[in-house]
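Accompanying notes for the structure given below.
By convention here, the first residue in the shown sequence is residue 1.
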Amino acid sequence: MDKFKVEFIEDTPKYVQLYRHIKRLIDKGEVEDGQKLPTIRMLSKELRINNVTVVNAYKKLESEGYAFQRMGSGTYAKRKILGKSFRKEYRETFKKLSIEELRNSIDFSGESTSSSHFPVEDFKNLINKVLDRDGAEALMYQESLGFKGLRNVINKEFWNDTLDIDDILIVSGAQQGIDIIAKALINVNDNIVIEKPTYNGAMMVFNWRRANIFEIDMEEDGVNIDKLQEVLKKNRIKCFYTMSYFQNPTGYSYSLEKKKRLLNLAEKYDFYILEDDYLSELIFNEDISYNSFKSLDLNNRVIYVKSFSKIFLPGIRIGYVITPRKFREIIQNSKINTDISTSSLMQRTLALYIENGLWREYMVSLIREYEKRYFFMEKYIKERLFNKVDFISPGGGLNFFIKIKDNINMDSKELFLKCRKKGVIITPGVMFFKNEIEGIKYFRVGYSQTNLEKIKEGIDIIREVMEDY
């Protein structure tokens, strides 16, 4: 209770002073998102003020979006999304840059593989084969679940024919997959859990659904299970969103033990795990083995989302969702209401590409190239920024998540702005937290759009900017 104590002054209404004090506690993270606030009676007694003063302070917090009520339970803190202007400025950076300007920049912000590695000739030849084989049919909107041939290939190649293909829904990338699942399952004021920090695109979707979002800290082997259990005991959670491998932005991957514990918790507390299987193909550390949540799911608690765009070619916009039978119809209807069908031609071509064994060949060459970049960037960051930053090596994926040391008086927004002027684009950590203050000392750098020479040049510029500052 001590942190709620206020030294009241004469010239401002007490309820306003109390509102401002609690708002500061929420903004600073001293009162956590979703934490129950003291009861009206308890707080009025502690502060020696009347009940109406506390009621008015809580009402003002609610009206400003800093609190919400649960009938019969009390008032709870709700951390607002801050830094919208900066987030807009960050997005505007990419809108204003032409393709040529972006190509001439050192782009450490990429979240998907470079188009320079895409096997254009192979894909072009297969498009022609599909058109010769299927004619105009290849260009028509047909199966609402997606091209049956692609669903069959996905089941055979990636799931050893263990699925009912009607449980596989083709979507236009992972972002659309998350969006249609949210539209189908998440209603206003539903409680969901996300990792902290997490992928900004998913956060935006859940905020659009006006869900109550609880953040659980990420650790090197997955979320903090103890903190998750505290939330589960006190709240009716509908969904937990997770990136099981090389989580964006931290790069952390879940241990097998934590996956099993989370699946058990999902069954015990009756919630569903929305698994975004992000970049799991790019494993460079032999100690990391691949076991998705979905592959371990015995109780149909996992909704699985996978994108081909991240590791293949963003422009083809193809991914897929695997749904528990319980939600199959409502999620499929949500997809149809979002768009009628994902490109039939691209689906058929991708199916042929995988079926002909070209996918496996492509992945071998891709892993070889990105493994080289990963180890080079890891080594060069350690050499050039050793006394300025801390980071954990993720063992795969496409990014490093870096913390500016506390003794360096610079934040990631300033670093982003100054690096941008020198032609280097990083992603500031504020993009991955509900409360931007918590991400102010972090930034993410990736090697998907850079060669070794550009990695070296870019890290040198980051060092130069930090030293000049």
Evaluate the criterion side chain to side chain contact (heavy atoms under 4.5 Å, CB included) for residue pair Phe401 and Tyr252; output intermediate values, then yes/no.
CA-CA 9 Å; Phe401 195 52; Tyr252 296 155; over 6 Å; no

How long is the gap from NZ on Lys306 to CZ on Phe308, to the nearest 0.5 Å?
8.0 Å

Keeping Asn285 on the side-chain end and Asp287 on the backbone end, is there a donor-acceptor pair under 3.5 Å?
yes

Taking atom types as modelled, is there a side-chain donor on Asn212 or Asn191 under 3.5 Å from an acceptor on the other?
yes

Looking only at side chains, do Glu195 and Thr242 share a donor and an acceptor under 3.5 Å apart?
yes

I'd like to know if the side chain of Asn207 reaches the main chain of Met203, judged simply by a donor and an acceptor atom lying under 3.5 Å from each other, with no hydrogens or angles considered.
yes

Between the CD1 atom in Ile354 and the CH2 atom in Trp359, the distance rounded to the nearest 0.5 Å is 6.0 Å

Please determine, by modelled atom types, if Gln247 and Thr250 share a side-chain donor-acceptor pair under 3.5 angstrom.
yes

Does the gap between the ring centers of Tyr272 and Phe240 come in under 6.0 Å?
no

Not counting sequence neighbours, which residues clear ring pair (Phe, Tyr, Trp, His ring centres under 6.0 Å) with Tyr374? List them please.
Phe284, Phe400

Would you indicate whether Lys234, at its atom NZ, is surrounded by more than 12 heavy atoms from other residues, nucleotides or ligands within a distance under 6.0 Å?
no

Minimum heavy-atom separation for Ile192 and Ile237, please, with both atom names.
CA-CG2, 4.4 Å

Indicate yes or no: at least one non-hydrogen side-chain atom of Ile426 is less than 4.5 angstrom from one of Val424.
yes

Interatomic distance, CD1@Ile181 vs CG@Leu169, rounded to 0.5 Å, equals 8.5 Å

Criterion ring-ring contact (aromatic ring centres under 6.0 Å, His included) against Tyr254, the qualifying member of Phe246, Phe293, Tyr290:
Phe293

Does either side chain, that of Asp276 or that of Tyr199, offer a donor lying less than 3.5 Å from an acceptor on the other one?
no

Within a radius of less than 6.0 Å around CD of Glu329, do more than 12 heavy atoms belonging to other residues, nucleotides or ligands occur?
no

Examine distances only and state if a side-chain atom of Asn356 and a backbone atom of Leu358 form a donor-acceptor pair shorter than 3.5 Å.
no

Interatomic distance, OG@Ser255 vs CD1@Ile288, rounded to 0.5 Å, equals 11.5 Å

Flag the pair Glu355 and Lys156 as a salt bridge only when some basic side-chain nitrogen lies within less than 4.0 angstrom of an acidic carboxylate oxygen.
no

Can you confirm whether the side chains of Tyr304 and Asp277 place a donor and an acceptor under 3.5 Å from each other?
yes

Looking at Glu30 and Arg24, is there a salt bridge between them, counting it only when a charged N and a carboxylate O are closer than 4.0 Å?
no

Does Lys196 pair with Asp217 as a salt bridge, N-O distance under 4.0 Å?
yes

Backbone N or O of Asn291 within a donor-acceptor pair of the Tyr245 side chain at under 3.5 Å?
yes

Give a yes or no on whether the backbone of Ser109 and the side-chain of Gln449 come within a donor-acceptor separation of less than 3.5 Å.
no

Would you please test Ile154 and Leu163 for side chain to side chain contact (heavy atoms under 4.5 Å, CB included) and show each step?
CA-CA 10 Å; Ile154 287 169; Leu163 302 176; 5.8 Å; no

Go through it in stages, so that I can follow the logic: the residues are Lys335 and Asp179, the test is salt bridge (charged side-chain N to carboxylate O under 4.0 Å, His left out), and I'd like the CA-CA distance, side-chain angles, deciding distance and then a yes or no.
CA-CA 9 Å; Lys335 167 66 165 73; Asp179 184 57; over 6 Å; no

Minimum-distance pair of heavy atoms, taken over all atoms of Ala77 and Val31
CB-CG1, 3.6 Å

List in chain and number order the residues that pass side-chain hydrogen bond (donor to acceptor under 3.5 Å, both in side chains) with Lys59, two or more places apart in sequence or in another chain; answer none if no residue qualifies.
none

Check: Ser412 side chain, Tyr442 main-chain N or O, donor-acceptor pair, under 3.5 Å:
yes

pair Val153-Phe158: side-chain heavy atoms closer than 4.5 Å:
no

Look at the rings of Tyr447 and Tyr370 and say which category their plane angle falls in: under 30° parallel, 30 to 60° tilted, over 60° perpendicular.
tilted

Using a strict 4.0 Å threshold on nitrogen-to-oxygen distance, state whether Glu111 and Arg444 make a salt bridge.
yes

Using a 3.5 Å distance criterion without hydrogens, assess whether the side chain of Tyr380 forms a donor-acceptor pair with backbone atoms of Ile459.
no

Would you call Lys78 and Asp33 a salt bridge, using N to O less than 4.0 angstrom?
no

Answer yes or no: is there a side-chain heavy-atom contact under 4.5 Å between Tyr241 and Val193?
no

Does the distance from a Lys or Arg side-chain N to an Asp or Glu carboxylate O, for Lys129 and Asp132, drop under 4.0 Å?
no

Student check: side-chain heavy atoms of Lys238 and Asn187 closer than 4.5 Å
yes

Taking ring pair (Phe, Tyr, Trp, His ring centres under 6.0 Å) as the definition, give me every residue that meets it alongside Tyr278, ordered by chain and number, with sequence neighbours left out.
none

Of Asp167, Thr323, Asn333, Asp166, which is the lone residue that meets side-chain hydrogen bond (donor to acceptor under 3.5 Å, both in side chains) with Arg328?
Asp167

Chi angles and distances behind the salt bridge (charged side-chain N to carboxylate O under 4.0 Å, His left out) call for Glu230, Lys227:
CA-CA 5 Å; Glu230 287 176 18; Lys227 287 186 178 179; over 6 Å; no

Can you tell if the side chain of Ile170 reaches within under 4.5 Å of the side chain of Ile318, non-hydrogen atoms only?
yes

Hey, is Arg373 close enough to Glu369 for a salt bridge, meaning N to O under 4.0 Å?
yes

Look at Arg236 together with Asp190 and state whether they make a salt bridge at an N to O cut-off of under 4.0 Å.
no

Between Asp107 and Ser105, do the side chains contain a donor N or O and an acceptor N or O under 3.5 Å apart?
no

Does any part of the side chain of Trp159, heavy atoms only, come nearer than 4.5 Å to the side chain of Ile322, both counted from C-beta?
yes

What orientation do Tyr76 and Phe68 show, parallel under 30°, tilted 30 to 60°, or perpendicular over 60°?
parallel

Any Asn200 side-chain heavy atom under 4.5 Å of Asn248 side chain
no

Distance, nearest 0.5 Å, that separates CG of Asn399 from CE of Met377:
8.5 Å

For the CZ atom of Phe443 and the CD1 atom of Ile402, what is their distance to the nearest 0.5 Å?
4.0 Å

Verdict with supporting geometry, Glu32 and Glu215, side chain to side chain contact (heavy atoms under 4.5 Å, CB included)
CA-CA 9 Å; Glu32 294 184 359; Glu215 294 178 292; over 6 Å; no

Heavy-atom pair of closest approach, residues Gln176 and Ser172
OE1-N, 2.8 Å

Taking side chain as C-beta onward, heavy atoms only, is Phe416 less than 4.5 Å from Thr427?
no

Would Thr450 and Ile106 satisfy side chain to side chain contact (heavy atoms under 4.5 Å, CB included), going step by step from the backbone distance to the final call?
CA-CA 7 Å; Thr450 57; Ile106 298 173; 4.2 Å; yes

